[in-house]
Asks: 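First the structure, then my questions, so here it is.
A, B, ... follow the sequence lines: proteins, then strands. Residue 1 opens every chain.
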Amino acid sequence: MIDLAQLRREPELVTSALGRRGVPAQVLHELLALDAAHRSLLQEAEALRARVKELSRQVADARKSGDLTLTETLQGESRSVGESERALSQAVDEAAAQVRAVLLDIPNIPSDAAPDGAGPEDNVELRQWWPGMDQGQPFPSFADHQRVAHWDIGTELGILDMEAGAKLAGSMFPLFRGAGSRLLRALSSLALDQHSDAYEEIRPPTFALTETMTSTGHLPKNSDDMYAIERDDLWAIPTAEVPLTSMHRGEILNEALLPIRMTALTACFRREAGAAGRDTRGLLRVHEFDKVELFAYCTPEQAEAAQADILARAEALLRALGLAYRVLDLCAGDLGTSSARTFDLEVYTPGVDRWLEVSSVSWFRDYQSRRANVRYRPGGGSPTLVHTVNGSALAWARIWAALVETYRQADGSVELPAVLGGYLGGRTTISRAYAPTSKR
RNA sequence: GGAGGGGUGACAGAGCGGCCGAAUGUACCGGUCUUGAAAACCGGCGUGGGGAAACUCACCGUGGGUUCAAAUCCCACCCCCUCCGCCA
């Protein structure tokens with residue numbers, strides 16, 4: 001969440017910055033009013049509380065001196081002050097809850113560096129990359145045999161079975177088979193191995209408590225986008241960012257250990273509630289996908305480099321896989337709730353002729369760490385919130401789509417890039433012959 | 001799931017109704033001593049909220065309750081450990 005003290009200190013600045021991403025000034029004015037009301041109630045209640053404590057001390061003294069009448073008088077007085085204190089405290093709690101509810105709903109302040117804009121159309125494309133670009137070649141033209149959608153390729157080769165997935169869990173739950181399944185495993189292994197030089201590999205739980213989801217900013221605002229297991233107060237994680245951000249919740253981290261960097265392979269679950277029927281064929285948009293995430297807790301000074309490192313690693317993977325992609329600098333209006341600055345990576349898929357988001361590399365400033373209460377002591381001084389940074393490297397479902405489309409050969413087989421060879425037991429060719437044909 | 005034990009400051013560990021935000025030890029910071037270091041000795045050392053300040057409030061797993069007063073008593077829940085049961 002944003003810093004309430006900062007809002008009080010410089011309301012115009014915060015209001016105009018949040019205005020860039022569409023938060024009405026009215027909301028902030030109301031928040032300040034609620035906050036002022038809360039504080040004045042708090043002062044009254046605390047004065048009463050102090051009085052009760054003072055009287056209690058006097059009761060102890062009176063009893064010690066054996067003055068029973070005085071003891072009873074003081075007890076009576078304390079009791080009545082205590083009663084009004086209790087009533088006031090309840091009002092204080094209610095006021096505090098109101099403040100918190102509004103505060104939790106306010107998105108992060110965008111970085112000054114984030115471009116202006118209201119939505120996806122205003123995002124700024126920073127660069128593109130494609131195989132051969134470094135040698136001066138133009139953007140690939142792609143042959144007709146590459147202009148086949150991955151869902152057709154998947155069916156043809158028996159490596160993707162959307163029908164079977166739908167039968168088991170409903171539409172938009174993909175089921176990969178044979179070489180298609182192994183390809184996913186290979187991608188995850190490749191990525192995790194690549195990041196292991198600087199990022200500790202974590203395998204977190206797939207579900208998280210409401211409190212955990214709140215720390216990253218996924219709750220309360222985006223509850224419709226998540227799968228819930230109400231009986232156990234659990235939510236299926238939409239990204240490994242959720243558990244990783246909360247791993248050190250409530251802790252004061254050793255400054256010497258920063259940045260603390262972690263990578264995790266998890267399944268990610270998205271209800272995609274608002275997106276019914278839109279771009280939903282094949283793997284364009286699915287409810288469950290595997291993703292390798294990169295994450296860092298760092299000092300404010302380290303944040304920029306930490307974000308750059310994650311972006312560089314995600315790009316390096318795309319290049320290693322030989323996939324054309326572009327980098328977008330998200331405008332203020334398109335930023336995720338918790339983010340101050342985000343770079344999206346979109347891969348080009350020739351078969352469906354689209355740019356698909358496969359990574360979102362974000363800097364959250366102290367928005368998440370304030371919710372999660374993760375701090376460090378700069379120079380041994382008083383505790384200060386850390387910054388969090390994360391990004392995917394990468395989300396595999398769409399990469400899978402890009403790979404089979406980009407590397408489809410004239411004969412209908414798929415010839416995967418050599419970097420994956422070691423993870424595929426040397427079999428970089430996927431052809432009908434390898435398909436375990438139970439059905440087609 | 002059943003039985004028992006336990007959750008207190010960075011860590012260890014006392015306190016079990018009345019200046020307890022909390023003894024003591026370790027760690028850490030400053031100082032004395034020393035050529036330097038160690039040891040010893042002296043001093044300091046939690047977090048958060050409110051307040052211009054004086055000052056004040058909260059926090060001893062979490063949430064309720066009893067009481068003039070709760071780390072201390074009562075209730076519920078969570079987590080950890082040991083044993084039993086079950087199990088990939």
Asks: Starting from the 5' end of RNA chain B, give me the residue, Val52(A) or Arg86(A), whose nearest nucleotide shows up first.
Replies: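 Residue closer to the 5' terminus by nearest nucleotide: Arg86(A).
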Asks: Determine the interatomic distance between C1' on rC83(B) and the same-named atom on rC16(B); round to the nearest Å.
Replies: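 The same atom, C1', in both gives a distance of 28 Å.
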Asks: Which value, in whole Å, describes the distance between the P atoms of nucleotides rU34(B) and rU24(B)?
Replies: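 Roughly 30 Å separates the two P atoms.
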Asks: For rU82(B), what is the paired nucleotide under Watson-Crick or G-U wobble rules, both distances under 3.5 Å?
Replies: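 Check on rU82(B): paired to rA3(B), both distances under 3.5 Å.
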Asks: Distance check needed: rC77(B) P versus Asp232(A) CG, whole Å only.
Replies: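 Asp232(A) atom CG is separated from rC77(B) atom P by 16 Å.
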Asks: Which nucleotide in the set rG50(B), rG18(B), rC68(B) lies at the smallest distance from any side-chain heavy atom of Ser78(A)?
Replies: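 Nucleotide nearest to Ser78(A)'s side chain: rC68(B).
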Asks: Looking only at atom C1', what distance separates rU8(B) and rC60(B), rounded to whole Å?
Replies: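 It works out to 4 Å between them.
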Asks: Using the P atom as the reference point in each nucleotide, state the distance between rC42(B) and rC33(B) in Å, no decimals.
Replies: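 Going atom to atom, P in each nucleotide, I get 16 Å.
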Asks: Taking only the C1' atom of each, what is the distance from rG63(B) to rA14(B) in whole angstrom?
Replies: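 Each nucleotide's C1' atom is 27 Å from the other's.
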Asks: Is a donor-acceptor contact shorter than 3.5 angstrom present between the side chain of Arg63(A) and the base of rG18(B)?
Replies: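 Yes, the side chain and the base share a sub-3.5 Å donor-acceptor pair.
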Asks: Using atom CD of Gln58(A) as one end and atom P of rA69(B) as the other, report the distance to the nearest whole Å.
Replies: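 These atoms are roughly 14 Å apart.
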Asks: Hey, which of these two, Val59(A) or Ala47(A), hits RNA chain B nearer its 5' end, going by closest nucleotide?
Replies: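 Counting from the 5' end, the first nearest nucleotide belongs to Ala47(A).
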Asks: Choosing from rA69(B), rC57(B), rU47(B), which nucleotide comes nearest the side chain of Pro383(A)?
Replies: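 Minimum distance to the Pro383(A) side chain belongs to rU47(B).
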Asks: Does any donor atom in the side chain of Thr212(A) or Arg249(A) lie under 3.5 Å from an acceptor atom in the other side chain?
Replies: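 Indeed, the side chains of Thr212(A) and Arg249(A) share at least one donor-acceptor pair under 3.5 Å.
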Asks: Need the pair for rA12(B). Rule: Watson-Crick or G-U wobble, both distances under 3.5 Å, any strand; none if unpaired.
Replies: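 WC or wobble partner is rU24(B).
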Asks: Quick one: sort the Phe207(A) and Phe269(A) rings into parallel, tilted or perpendicular, breaks at 30° and 60°.
Replies: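 Phe207(A) vs Phe269(A) ring planes: parallel.
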Asks: Any side-chain heavy-atom pair from Asp366(A) and Val386(A) closer than 4.5 angstrom?
Replies: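 When only atoms from C-beta onward are counted, Val386(A) and Asp366(A) do not touch, as no gap falls below 4.5 Å.
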Asks: With a 4.0 Å limit, can you tell me whether Arg49(A) has a side-chain N or O closer than that to the phosphate oxygens OP1/OP2 of rA58(B)?
Replies: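 True: Arg49(A) side-chain N/O within range (under 4.0 Å) of rA58(B) OP1/OP2.
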Asks: When the P atoms of rA27(B) and rG85(B) are compared, how many Å lie between them, rounded to an integer?
Replies: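 Going atom to atom, P in each nucleotide, I get 45 Å.
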Asks: For the CG atom of Leu183(A) and the OH atom of Tyr423(A), what is their distance to the nearest 0.5 Å?
Replies: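 Rounded to the nearest 0.5 Å, the CG-OH separation comes out at 13.5 Å.
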Asks: Scan side-chain atoms only and decide if Glu201(A) and Thr263(A) contain a donor-acceptor pair under the 3.5 Å cut-off.
Replies: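 Side chains of Glu201(A) and Thr263(A): no pair found under 3.5 Å.
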Asks: Using a heavy-atom cut-off of 4.0 Å across all strands, would you classify Ser56(A) as base, sugar-phosphate, or nothing?
Replies: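 Base contact - Ser56(A) has a heavy atom under 4.0 Å of at least one base atom.
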Asks: Could you tell me the Watson-Crick or G-U partner of rG43(B), where both distances fall under 3.5 Å? Say none if there is no partner.
Replies: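 Check on rG43(B): paired to rC29(B), both distances under 3.5 Å.
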Asks: Considering just the side-chain nitrogens and oxygens of Arg8(A), establish if one lies under 4.0 Å of OP1 or OP2 belonging to rG50(B).
Replies: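 Yes.
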Asks: Looking at Arg375(A), I'd like to know whether one of its side-chain N or O atoms comes within less than 4.0 Å of OP1 or OP2 on rG48(B).
Replies: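 Yes, because at least one side-chain N or O of Arg375(A) sits under 4.0 Å from OP1 or OP2 of rG48(B).
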Asks: Taking atom P of rC57(B) as reference, at what distance in whole Å does atom CZ of Arg51(A) sit?
Replies: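 Rounding to the nearest Å, CZ of Arg51(A) and P of rC57(B) are 13 Å apart.
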Asks: Rounded off to whole Å, could you give me the CD-to-C1' distance for the Glu46(A) and rC59(B) pair?
Replies: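 Rounding to the nearest Å, CD of Glu46(A) and C1' of rC59(B) are 13 Å apart.
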Asks: Give me the distance, rounded to whole Å, that separates rG17(B) from rA53(B) when you measure between the P atoms they each carry.
Replies: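 To the nearest whole Å, 39 Å.
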Asks: Using whole Å, what does the distance between atom P of nucleotide rC68(B) and atom CD of Glu83(A) come to?
Replies: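 Rounded to the whole Å, the gap is 10 Å.
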Asks: Whole angstrom is fine here: how far is it from CD in Glu211(A) over to C1' in rC78(B)?
Replies: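 Taking CD of Glu211(A) and C1' of rC78(B), I get 11 Å after rounding.
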Asks: Check the phosphate of rU47(B) against Arg377(A), side-chain N and O only, distance under 4.0 Å to OP1 or OP2. Yes or no?
Replies: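 Indeed, a polar side-chain atom of Arg377(A) lies that close.
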Asks: Can you check the Leu4(A) CG to rG48(B) P distance for me, whole Å?
Replies: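 So the two atoms are 16 Å apart, to the nearest Å.
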Asks: Using the test side chain to side chain donor-acceptor pair (under 3.5 Å), find all partners of Gln75(A) that sit at least two apart in sequence or belong to another chain.
Replies: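 Once residues adjacent in sequence are excluded, Gln75(A) has no partner under the side chain to side chain donor-acceptor pair (under 3.5 Å) criterion.
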Asks: What integer number of Å spans the P atoms of rA71(B) and rC59(B)?
Replies: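 The answer is 7 Å between these two P atoms.
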Asks: Return the nearest nucleotide to the side chain of Arg39(A); candidates are rG48(B), rG18(B), rG51(B).
Replies: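 So the nucleotide nearest the side chain must be rG51(B).
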Asks: Indicate the ring-plane relationship of Trp400(A) and His150(A), choosing parallel, tilted or perpendicular according to the 30° and 60° boundaries.
Replies: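 The arrangement is perpendicular - the two ring planes meet at more than 60°.
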Asks: Tell me: CD1 of Ile252(A) to P of rU47(B), nearest whole Å?
Replies: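 Spelled out: CD1 on Ile252(A) to P on rU47(B) is 7 Å.
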Asks: Are OP1 or OP2 of rA70(B) and a side-chain N or O of Lys53(A) less than 4.0 angstrom apart?
Replies: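 No, outside the criterion.
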Asks: Which is true for Leu55(A) with a 4.0 Å heavy-atom rule: it touches a base, it touches only sugar-phosphate, or it touches nothing?
Replies: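 No contact.
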